[in-house]
Number of protein chains: 4
Amino acid sequence: MLLSASLELFAEKGFHSTTMDDIARGAGVSKGLAYNYFTSKTEILSKILEDRFSQIQLALKDKEGCSEPLDRLEEIIVRRLTHLKENPLFYRLYYALFLNRPTEKILQKLIAKTAAVSGELTKEMDHLFSQLGANNSEMEAVCFFSELQGVAIEFAISPKTFPLDDIQKTLIEKYRRLYGNNKTRDK
Amino acid sequence: MLLSASLELFAEKGFHSTTMDDIARGAGVSKGLAYNYFTSKTEILSKILEDRFSQIQLALKDKEGCSEPLDRLEEIIVRRLTHLKENPLFYRLYYALFLNRPTEKILQKLIAKTAAVSGELTKEMDHLFSQLGANNSEMEAVCFFSELQGVAIEFAISPKTFPLDDIQKTLIEKYRRLYGNNKTRDK
Amino acid sequence: MLLSASLELFAEKGFHSTTMDDIARGAGVSKGLAYNYFTSKTEILSKILEDRFSQIQLALKDKEGCSEPLDRLEEIIVRRLTHLKENPLFYRLYYALFLNRPTEKILQKLIAKTAAVSGELTKEMDHLFSQLGANNSEMEAVCFFSELQGVAIEFAISPKTFPLDDIQKTLIEKYRRLYGNNKTRDK
Amino acid sequence: MLLSASLELFAEKGFHSTTMDDIARGAGVSKGLAYNYFTSKTEILSKILEDRFSQIQLALKDKEGCSEPLDRLEEIIVRRLTHLKENPLFYRLYYALFLNRPTEKILQKLIAKTAAVSGELTKEMDHLFSQLGANNSEMEAVCFFSELQGVAIEFAISPKTFPLDDIQKTLIEKYRRLYGNNKTRDK
DNA sequence: TATGAATGAGCTTTCATTCAT
DNA sequence: AATGAATGAAAGCTCATTCAT
């Protein structure tokens, strides 16, 4: 309860503009009780990040099914955007943290961790794009990753108005058009 | 001087984590003098935003040259990413502000303004994509915009390591492949 | 149990640095239960003081035996230092309280009481020293009292390393040498 | 100014019972300004200790003059009690700290330092007492040291009523009587 | 009798802002 | 135009005390 109230406030107002009074009020408890559960405001933030972090890893990892590369690409897009759709607040907070790197050691570690995961994912995409016959699969992977990130951020900023489902379709279609013919071409 | 020092600090540490002492020290002036130039820390931020804002409008507006749609698309990408490359700090600050909406009225207005400009741009892109024969030109425009945003943010976060030039090429090539044949098809 | 745990903690960390959590944990009971026995943290402290206070009075009072003044002096030294050796924690707490006078009324009263007892004791010593032929028996008494106090504090601070037994011997010998010959001289 | 106000308050009420508001009010400045001078309440305390510490070392060190041992003993007593008379508040604070060892690292170090100095002094006294022909010069030194400490504490607790000058005389006379005849005896 | 979750007053500390110089 | 000492409101956090169970 406290964590979800905090997430909402952190995402909306930012970590620093959110006071412990805000959090306590938001969670319907006293400030003192909040400090029974967590030792500091920073710890609340890091717990939020940790909690979702494992989820994200599970949700986003390419399951390396035996399916076609293009299907896997689609699957990756869908999985990522679905997770995004279910956690808009978290992603908003997460990207905000990324943008102005916190000074706290713990948070820096967590952020570094997620960056490492993104790096891995990009490598996997690299492989996938090379399978799809991309000229420069590495750049293609980075580009793809940034693209998804961009969509994620736009949605995170205005989850109510951003047409995520349509964008998802558009994205998938785009990549199908880009790489759908390669194989036939190769033949 | 004061504005550029502030921009650097705001971008790096975030608005709230930057103190007026930091700013004064960074600009090599006294705190008192800073308050002769600006009435508040918030005003410094809003001046930074305003200053760049006109630039951005000039730099990014589609000049509606008579050239081919595909060339115009390329031009838009290049112009935007060039501007980004020249102002990484500003973009980092800008996106951070977008992510945790400030409570100050002035800042909210400025943000709303830039959002409006983005909206216009998206409309223009809509038109462009329809010229290019996109099925759903509106979504295509939003998607394109998000894509650029994503690249921008990735670069803003790590301007030294992100391969912006390569990504630019990749992006352009991608769109050329996506829409390059449409016309011939139409013929 | 609660009182002895409290004494240990108060003596070691000081009254203010000891929390009710510390006390409850130290005594192996819940915080709530501690408040069933005592109405406040201050009350715990005052009960500790009161409890030992009667002991002290009994233990230290000069029994005015019919023995020789010098023997009585020795007896007083022994009695006091023995009591000290058996209650190092209490003395440490007691002297600490004396040094920074607490603001609570109850504690002030208790401290005033013990001061009164010390005053009485000093008077008795005055009498004793005049029997022993001291020039300025009153100052001698105060001096003696301070001396014992000093030894007590040194021992209270580091009960494990301070050589109390040897010091006791030294003290006794010292006073025997100081006043041992007086009588014979007087003869 | 701030340091002396703090010393007064710390000595009177104890470190923990003194708030930064008390200190600021006592020094006639705002709380904020106090934090311009010192980074924390603990730092104020440690500065007080450090400041006086060098004084104490200078004031108390046995100058090892060529004079007679007994004269040197007297000199040591006089020097110490004079310094005490001039800094009653400091000594009160100092002894209080000694009694309930603070948890802060810096303070512990300072206290350890002073303890080391006391140790040295005791060694010097050991030497002096052996010169004076004491049976057990080490214990005699410890005893002497405790004695002075006891007088110091009594005075520190009630500087207005404790007859320090008379006690000083009494002490000196006592030691003269104890060791004054030794030499002649030896002859 | 016994618990520990819950409270809130009060503490230390920070920092945007002011102002005497 | 320029300084930085000074302010005070507000933040994070602690802990004696209460209370539902």
Side-chain angles (χ1 to χ4, degrees), chain A residues 1-2 6 13 15-25 27-45 103-104, chain B residues 2 6 13 15-25 27-45 104, chain C residues 2 6 13 15-25 27-45 104, chain D residues 1-2 6 13 15-25 27-45 103-104:
Chain A
M1 199 74 273
L2 228 152
S6 300
K13 316 169 51 168
F15 178 68
H16 280 100
S17 302
T18 302
T19 71
M20 282 300 283
D21 274 293
D22 290 337
I23 292 173
R25 207 177 309 117
V29 299
S30 70
K31 222 184 342 177
L33 187 55
Y35 278 97
N36 271 7
Y37 294 140
F38 303 97
T39 62
S40 69
K41 202 174 87 165
T42 296
E43 207 205 30
I44 295 179
L45 176 53
T103 49
E104 293 88 347
Chain B
L2 227 152
S6 300
K13 315 168 51 167
F15 179 69
H16 278 99
S17 301
T18 302
T19 70
M20 283 300 282
D21 273 289
D22 290 337
I23 292 172
R25 204 178 313 118
V29 299
S30 72
K31 232 190 322 182
L33 190 55
Y35 275 94
N36 271 8
Y37 295 140
F38 303 96
T39 64
S40 72
K41 199 173 91 165
T42 297
E43 208 206 25
I44 294 179
L45 176 54
E104 293 88 348
Chain C
L2 228 153
S6 300
K13 315 169 50 168
F15 179 69
H16 279 100
S17 302
T18 302
T19 69
M20 283 300 282
D21 273 289
D22 291 337
I23 293 172
R25 203 176 316 116
V29 299
S30 72
K31 232 189 321 182
L33 189 55
Y35 276 94
N36 272 9
Y37 294 140
F38 302 96
T39 65
S40 71
K41 201 174 90 165
T42 297
E43 206 204 29
I44 294 178
L45 176 54
E104 293 88 346
Chain D
M1 199 76 271
L2 226 152
S6 300
K13 314 169 53 166
F15 178 69
H16 280 102
S17 303
T18 302
T19 71
M20 282 302 282
D21 273 293
D22 291 337
I23 291 172
R25 204 178 312 116
V29 299
S30 71
K31 224 183 338 178
L33 188 56
Y35 277 96
N36 271 9
Y37 295 140
F38 303 97
T39 63
S40 69
K41 201 174 89 166
T42 297
E43 208 206 28
I44 295 179
L45 175 53
T103 50
E104 293 89 348

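Just so we're on the same page: letters track the sequence lines, and every chain starts at 1.
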Q) Looking for any heavy atom pair under 4.0 Å, which part of the strands does B:T19 touch: base, sugar-phosphate only, or nothing? A) sugar-phosphate
Q.
Within the 4.0 Å heavy-atom criterion, would you say D:T18 contacts the bases, only the backbone, or no part of the nucleic acid?
A. sugar-phosphate
To the nearest Å, give me how far apart [atom1] ([X]) and [atom2] ([N]) are.
X: A:L33; N: E:dA9; atom1: CG; atom2: P; answer: 16 Å
X: A:R25; N: E:dT7; atom1: CZ; atom2: C1'; answer: 15 Å
X: A:F38; N: F:dG12; atom1: CZ; atom2: P; answer: 15 Å
X: B:F15; N: E:dT14; atom1: CZ; atom2: P; answer: 19 Å

Q: Please determine, for the side chain of C:Y37, which listed nucleotide (F:dA2, E:dA2, E:dG8) has the closest atom?
A: E:dA2
Q) Do D:T42 and D:L45 pass the side chain to side chain contact (heavy atoms under 4.5 Å, CB included) test, and can you show the C-alpha distance, the side-chain angles, and the key distance before you say yes or no? A) CA-CA 5 Å; D:T42 297; D:L45 175 53; 5.5 Å; no
Q. What is the distance from atom OG of A:S6 to atom CE of A:M1, rounded to the nearest 0.5 Å?
A. 10.0 Å
Q) Say you draw a straight line from CE of A:M20 to CZ of A:F38; how long is it, rounded to the nearest 0.5 Å? A) 9.0 Å
Polar pairs (N or O, both sides) under 3.5 Å between protein and nucleotides 17-19 of chain E?
residue	atom	partner	partner atom	Å
E:dT17	OP2	B:Y35	OH	3.1
E:dT17	OP2	B:K41	N	3.0
E:dT17	O4	B:K31	NZ	2.9

Q. Which one of D:K41, D:K13, D:K31 satisfies the salt bridge (charged side-chain N to carboxylate O under 4.0 Å, His left out) criterion with D:D22?
A. D:K13
Q | Flag side-chain contact, heavy atom, 4.5 Å: A:H16 against B:F15 | A | no
Q. If pairing requires Watson-Crick or G-U wobble contacts with both distances under 3.5 Å, which nucleotide is the partner of F:dT21?
A. E:dA2
Q: Go ahead and name the base partner of E:dT13; Watson-Crick or wobble counts if both distances stay under 3.5 Å, otherwise write none.
A: F:dA10
Q. What pair of heavy atoms forms the shortest contact from B:S30 to B:A24, and how long is it?
A. C-CB, 3.8 Å
Q) Which comes earlier along DNA chain E counting from the 5' end, the contact point of B:H16 or that of C:S30, where each point is its nearest nucleotide? A) C:S30
